[in-house]
Amino acid sequence: MLKALVLLFLAWVCFLFYAGIGLFTSGFLLTRLELTNHSSCQELPGKGTLVGSGRGEPGACWTAPRFSRAVIVLIDALRFDFVQPWPGGPPAPQPFLGRLDSIRRLLEAQPQHARLYRFLADPPTTTMQRLKALTTGSLPTFVDAGSNFASYAIQEDNLIAQLNNTGRRVVFMGDDTWEGLFPGAFSQAFFFPSFNVKDLHTVDNGILEHLYPTMDRDDWDLLIAHFLGVDHCGHKHGPHHPEMAKKLNQMDQMLQTLVEQLENDTLLVVAGDHGMTETGDHGGDSKPEVMAALFLYSPLPLFPRIPVKDPEVVPQVNLVPTLALLLGLPIPFGNIGEVMVDLFSGEGDTQPLATALAQASAYHLNAQQVSRFLHAYSLAAQDLPPEELKRLQNLFTSASSDYEQLLDQLKTGEVREADIQALISQLRLFLRGARTACTETWARFRPSFLLLQLLATAVGTPAGSPGPFSVPWLAISAWALTATQTFYSTGHQPVFPAIHWNAAFVGFPEGHGSSPVLPALLVGANTFASHLLFSVGCPLLLLWPFVCEGQGSTKRKKASGAEVEGEKEEEPLMEMRLRDSPHHFNAALLQLGLKYLFILGVQVLACVLAASILRRHLMVWKVFAPKFIFEAVGFVVSSLGLLLGVALVMWVDRAVGSWFKRLILSQES
């Protein structure tokens, strides 16, 4: 019974620590509320009509579609400088420079048909989070990085759902991550396993086998091809390896063939979901990781003006409302992106007034949708700052009033381009202010989350007399610090790019199939092996007094020379010592566990304090948030290992006790 109470009390202390970590996580690694509202063609996001909306035209919804079909080529980890035209002649100094020459030729030969952008991703730069942003227009928060290994269906309104709702046919080929995010959403799909980063060609070659025949058919409205070879090459070799040049050359040939097959009513979108570091990794917020590439092309003139020399920076969420309106779809309900206004023009460069009117109409429609979302979100979550909401609402009301006046002026023909540009500036200010407010709200920190963590640390402080089996603080501290030292000495670091992903293939060089469970367990075991082994072995420190006693008696014997040859001094058995004081043994085991949890809790608390103090630091998502996650997960693993180790020692103690009882009974009989 006493043993069970010891385990229960240790489990209760662990629960207090877990509650403290959970409370801190809720304030530090915030998640936003995902609304399930959906936009529909039958209901505009706000009052009023649209300038030249063309809602009566075939295929029109909120506004008339500019394109009947679109092809989205997603090249995973396509960093911007992989696409940026190389000004010098060959050979380029790096394998990844100047390889996508077909894009350079299109930009030079058809400047009004093609445009290259710097495609800015929001951290975390993991594939699943980027796909959510690219289809919903939302901002996945940092804590969602963990769900990259357990993809779940997107419940929020998104482009794929809107295409299905309006009867459009979506064909997909490539990364099987999409299968978990959009189950049953594709009229035709060719999924290929994505986890084996050592495989550079299976996914890409599989896509190429189906891409060109699909382009020749008429049974699709949106075609998505998600290539993985560039990303896998980065993970396996890094961007500076000659294999990267081969993969980019393959992508260049694919794009060149694809452009030749495009019809006039089709928009081509080539994008990277994120970039990569100089070692080929991603997940953080460094510039090489967040700066991807976006390339747009149409066989017909797409832009009213020739682009500026330096490519514009476009947040990734801006692609969602842009594609929705270009294809004649409702903008997804939770979008906070801003339309790429250059793609909304009137009758060309000779009609600047018509272009300005079309852009104002697109901006106003986008602003109505964002205003509706802010209102619904504030009612459901009530965490948006009321003052900022009021300011944004006043700004939107003023812009909407000006838009209504613009409609009245159109009837009399007294519209000036300067007035339209002023309205566009107002709407742009509202949209960017709304996005900033949402970003700050979903990254707001609460200082009260420290209270329970401090309480847990205080409760975990052991008290009481040492007893005959007490383990010194120095030994326990050294044991805990050795576990941490082993974590670092085996090549681990508390950052996501440093995780040993190759551990997922130990014993499975050919891959695991489609299930990510076993690879995730292998990677987790490799990362936190030191925490688990040292915590399970911690109860063995109860042997410390016997080891010291044995060493001391041996030294005394050698010093005195009292031992006689052939004569052995009988020493008490350790098991007998434990049997003589069972209550002291259980108390010492409890005290050992509390001391170890206290030391681990202090480490977590120090990390929590550092993250709290530096929560506004520029490196918070790159350094302090990953450090906290690793420390928290390490604590959970260590505490569970400690409970397992204590239970094993108790089981052995009980078995030995039963053996002694049987031995005594047999001697008495």
Side-chain angles (χ1 to χ4, degrees), residues 72-84 96 99-100 103 116-149 151 154 158-159 174-178 180-181 194-195 197 200 203-204 224-240 244 247-248 251 269-296 311-320 337 439 495-499 501 619 621-622 625-626:
I72 299 178
V73 177
L74 195 62
I75 302 178
D76 209 292
L78 186 65
R79 205 167 70 185
F80 176 75
D81 54 352
F82 291 5
V83 182
Q84 189 175 23
F96 56 80
R99 299 294 174 179
L100 297 178
I103 290 181
L116 178 64
Y117 298 93
R118 302 178 190 268
F119 207 29
L120 184 63
D122 295 287
T125 49
T126 45
T127 296
M128 198 202 77
Q129 280 65 39
R130 294 298 88 228
L131 295 183
K132 290 179 67 176
L134 288 169
T135 55
T136 65
S138 61
L139 292 174
T141 50
F142 183 89
V143 74
D144 288 333
S147 58
N148 199 51
F149 297 102
S151 301
I154 294 178
N158 58 81
L159 283 176
D175 185 351
D176 61 354
T177 302
W178 291 74
L181 295 176
S194 61
F195 192 81
V197 296
L200 308 186
V203 177
D204 292 0
I224 304 174
H226 187 165
F227 291 88
L228 284 178
V230 172
D231 178 67
H232 286 187
C233 184
H235 285 298
K236 185 177 181 180
H237 301 293
H240 301 278
M244 183 61 75
K247 291 307 301 181
L248 291 174
M251 295 297 99
V269 179
V270 182
D273 56 340
H274 52 75
M276 67 174 66
T277 64
E278 291 305 304
T279 58
D281 299 310
H282 59 88
D285 63 347
S286 65
K287 185 176 180 181
E289 292 172 276
V290 301
M291 197 59 72
L294 173 64
F295 175 73
L296 302 177
E312 180 185 352
V313 176
V314 173
Q316 282 191 350
V317 291
N318 289 10
L319 184 62
V320 170
T439 303
V495 290
F496 294 111
I499 294 176
W501 301 111
M619 305 294 285
W621 295 127
K622 187 171 185 178

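Heads up: numbering here begins at 1 and tracks the sequence. Because the structure is a prediction, the values reported are computed rather than measured.
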Side chains of [X] and [Y]: does their closest heavy-atom pair fall under 4.5 Å?
| X | Y | result |
| --- | --- | --- |
| Val230 | Asp76 | no |
| Thr136 | Val320 | no |
| Gln316 | Leu120 | no |
| Thr135 | Leu181 | no |
| His274 | Val290 | no |
| Val197 | Lys236 | no |
| Trp178 | Leu74 | yes |
| Lys247 | Phe227 | no |

Between His240 and Phe96, how do the two ring planes meet: parallel, tilted or perpendicular, split at 30° and 60°?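 Geometry flag for Phe96 against His240: perpendicular rings.
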Yes or no on side-chain contact (heavy atoms from CB on, under 4.5 Å) for Phe295 and Val73, after CA distance, side-chain angles and deciding distance? CA-CA 10 Å; Phe295 175 73; Val73 177; over 6 Å; no
Of the non-hydrogen atoms in [X] and [Y], which two are nearest, and what is the gap between them?
| X | Y | value |
| --- | --- | --- |
| Glu278 | Pro239 | O-CD, 3.4 Å |
| Asp175 | Val203 | N-CG1, 4.2 Å |
| Ser194 | Leu228 | CB-CD1, 3.3 Å |
| Gly272 | Ala292 | O-CB, 3.3 Å |

Supply the atom-to-atom distance [X] [atom1] to [Y] [atom2], rounded to the nearest 0.5 angstrom.
| X | Y | atom1 | atom2 | answer |
| --- | --- | --- | --- | --- |
| Gln129 | Ser138 | CD | OG | 10.5 Å |
| Ile75 | Met251 | CD1 | CE | 6.0 Å |
| Phe80 | Arg118 | CZ | CZ | 4.0 Å |

Measure from the side-chain N and O atoms of Arg130 to the backbone N and O of Asp122, and report whether any donor-acceptor pair falls under 3.5 Å. yes
Is a side-chain N or O of Asp273 found less than 3.5 angstrom from the main chain of Ala77, in a donor-acceptor match?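 Yes, the answer is positive, given that a donor and an acceptor are paired below the 3.5 Å cut-off.
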Only one of Thr277, Thr127, Asp231 passes side-chain hydrogen bond (donor to acceptor under 3.5 Å, both in side chains) with His282; say which it is. Asp231
